[in-house]
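We count residues from 1, following the sequence as given.
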Amino acid sequence: MKVTKAIIPAAGLGTRVLPASKSIPKEMLPIVDKPAIQYIVEEAVQSGITDILIITNRGKSPMEDHFDRAPELEERLLASGKTELYDEIVSITEMANIQYIRQKETKGLGHAVWCAKSFVGDDPFAVMYGDDVIISDLPACGQLCRAYEEFGLATVGMKEVTAEQILKYSSLKTEPIRDNLFRVTDMIEKPRPDQVLSLYSILGRCVLPPKIFDILENTAPGAGGEIQLTDAMLQLARTEGMIGVDYIGTRYDMGNKLGILQASVEVGLKHPEIGAELREYLKKLAKTL
């Protein structure tokens, strides 16, 4: 079944990037000249997604404004003859059917996904984590959607991490299928060193069947007293198996100060307006380090 719906959980407080996130949602922090959330929405659209639900919280209204029309700005751009900028600004509002819902209590990612139940209905859907921007010529979400459509099983985006990092993430039990596709039959969240199943961890993206909502309704609070999505996915992995996609692309953690800087530098180097100048600047700077 074709995947055309996506949810973007974006209700987190952004405590790792305070004080910037006190007044600006972390999803609105820019990578060069576009906010992080726009990169995620663009990836969804390029993956064939037509309907997007962004799960927000108090103080996140700038996100809604960004994907809405801005008549005064548009008039000024047209009056100044800046038609290319006008077209770009308007196109942002027409990318997809974007809806919003507030997660009134921060009860974890599993609860945030559960809030999307009426939006999802009986359809499979992608979950695109609001902290994770993935830059790739082949949209990461689309890579997962194709795998879901082929196998009909819950599909997770995964990457190999270091032995130190895996202790902070989830560890997956994997068996190769072909190329960058794996079967996932077990997982453990934040394992101890003697519990590590592999160095593969779920990072940033997954595609889930609607049956996940029945599982979430019966999932007890886990780590931090929150409803954990990984606890529900674990049940799917053990009962029917899941597909893991070692997706092609570079992931940037936009909830992390270093991740934000890395994204700005690496995307900036490819930017048509500033790429060449930034490259020269970095070469000069590197000599002084």
Side-chain angles (χ1 to χ4, degrees), residues 8-21 25-27 29 31 36 39-40 55 57 103 106-113 127-136 140-141 144 154-174 180 182 184-208 216 219-238 242-266:
I8 304 175
L13 298 174
T15 51
R16 291 183 295 159
V17 288
L18 281 168
S21 55
K26 66 181 186 298
E27 298 83 5
L29 293 171
I31 301 175
Y39 286 89
I40 298 172
I55 299 166
N57 208 331
Q103 184 187 18
T106 7
K107 290 184 177 177
L109 182 57
H111 179 261
V113 169
V127 180
M128 306 176 71
Y129 299 16
D131 277 355
D132 292 299
V133 169
I134 300 171
I135 304 293
S136 177
C141 182
L144 269 66
T155 302
V156 295
M158 63 185 204
K159 279 290 177 192
E160 218 166 354
V161 299
T162 65
E164 293 76 28
Q165 289 171 325
I166 200 72
L167 307 180
K168 301 174 188 174
Y169 295 143
S170 56
S171 175
L172 306 179
K173 185 177 182 181
T174 62
N180 62 337
F182 296 77
V184 177
T185 54
D186 203 353
M187 66 174 74
I188 182 166
E189 187 74 18
K190 295 182 179 169
R192 296 192 309 268
D194 61 320
Q195 294 176 312
V196 172
L197 301 169
S198 78
L199 293 181
Y200 277 114
S201 183
I202 299 172
L203 290 180
R205 304 288 182 267
C206 55
V207 176
L208 300 171
L216 282 170
T219 298
E226 298 180 336
I227 307 294
Q228 300 295 337
L229 183 61
T230 44
D231 288 344
M233 290 197 289
L234 171 62
Q235 192 169 325
L236 283 178
R238 287 180 174 171
M242 298 193 307
I243 302 300
V245 179
D246 183 1
Y247 56 78
I248 300 159
T250 305
R251 167 188 169 264
Y252 300 100
D253 181 357
M254 294 302 291
N256 175 291
K257 295 179 181 75
L258 182 58
I260 294 166
L261 287 170
Q262 288 170 328
S264 295
V265 170
E266 291 175 31

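With S171 contributing its side chain and S198 its backbone, the two residues share a donor-acceptor pair below 3.5 Å. Remark: the backbone N or O of I31 is paired with a side-chain donor or acceptor of Y39 at under 3.5 angstrom.
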**I202/V184 under side-chain contact (heavy atoms from CB on, under 4.5 Å): CA gap, chis, key distance, verdict** = CA-CA 11 Å; I202 299 172; V184 177; over 6 Å; no
**Request:** Might you work through the side-chain contact (heavy atoms from CB on, under 4.5 Å) test for I40 and R205, ending with a clear yes or no?
**Result:** CA-CA 10 Å; I40 298 172; R205 304 288 182 267; 4.1 Å; yes
**Prompt:** Going through the distances and angles, do L172 and L197 end up as a side-chain contact (heavy atoms from CB on, under 4.5 Å)?
**Reply:** CA-CA 6 Å; L172 306 179; L197 301 169; over 6 Å; no
**Message:** Between C206 and M233, does the side-chain contact (heavy atoms from CB on, under 4.5 Å) criterion hold? Intermediate values first, please.
**Reply:** CA-CA 10 Å; C206 55; M233 290 197 289; 4.3 Å; yes
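Looking at every heavy atom in both residues, S201 comes nearest to S170 through OG-O, 2.7 Å. Looking at every heavy atom in both residues, L29 comes nearest to A20 through CD2-CB, 4.3 Å. Closest non-hydrogen pair, A154 versus L208, comes out as CB-CD2, 4.1 Å. Across every non-hydrogen atom of P9 and M128, the tightest pair is CD-O, 3.3 Å. Shortest non-hydrogen contact noted between T219 and A232 is OG1-CB, 4.1 Å. Pairing each heavy atom of Q165 with each of V161, the nearest pair is OE1-CB, 3.3 Å.
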Kindly list each side-chain donor-acceptor pair under 3.5 angstrom involving residues 248-255, sequence neighbours excluded, with atom names and distances?
from : atom 1 : to   : atom 2 : distance (Å)
R251 : NE     : D132 : OD1    : 2.6
R251 : NH2    : D132 : OD1    : 3.0
Y252 : OH     : E266 : OE1    : 2.5
D253 : OD1    : R16  : NH2    : 3.3
D253 : OD1    : G255 : N      : 2.9
D253 : OD2    : R16  : NH1    : 3.2

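A search for salt bridge (Lys or Arg N to Asp or Glu O under 4.0 Å) contacts involving K159 returns D246, not counting sequence neighbours. Taking Y200 as the reference, F182 meet the ring-ring contact (aromatic ring centres under 6.0 Å, His included) condition, with sequence neighbours excluded.
A distance of 6.0 Å separates CG in L216 from CG in L229, rounded to the nearest 0.5 Å. Rounding to the nearest 0.5 Å gives a distance of 7.5 Å between CD of Q228 and CG of L109. To the nearest 0.5 Å, the span separating CG on L199 from CD on E160 amounts to 5.5 Å. Interatomic distance, M187 CE to D231 CG, rounded to the nearest 0.5 Å: 9.5 Å.
Annotation: side chain of L144 is not in contact with side chain of C141 (no heavy-atom distance under 4.5 Å). At least one side-chain heavy atom of D186 sits under 4.5 Å from a side-chain heavy atom of L234.
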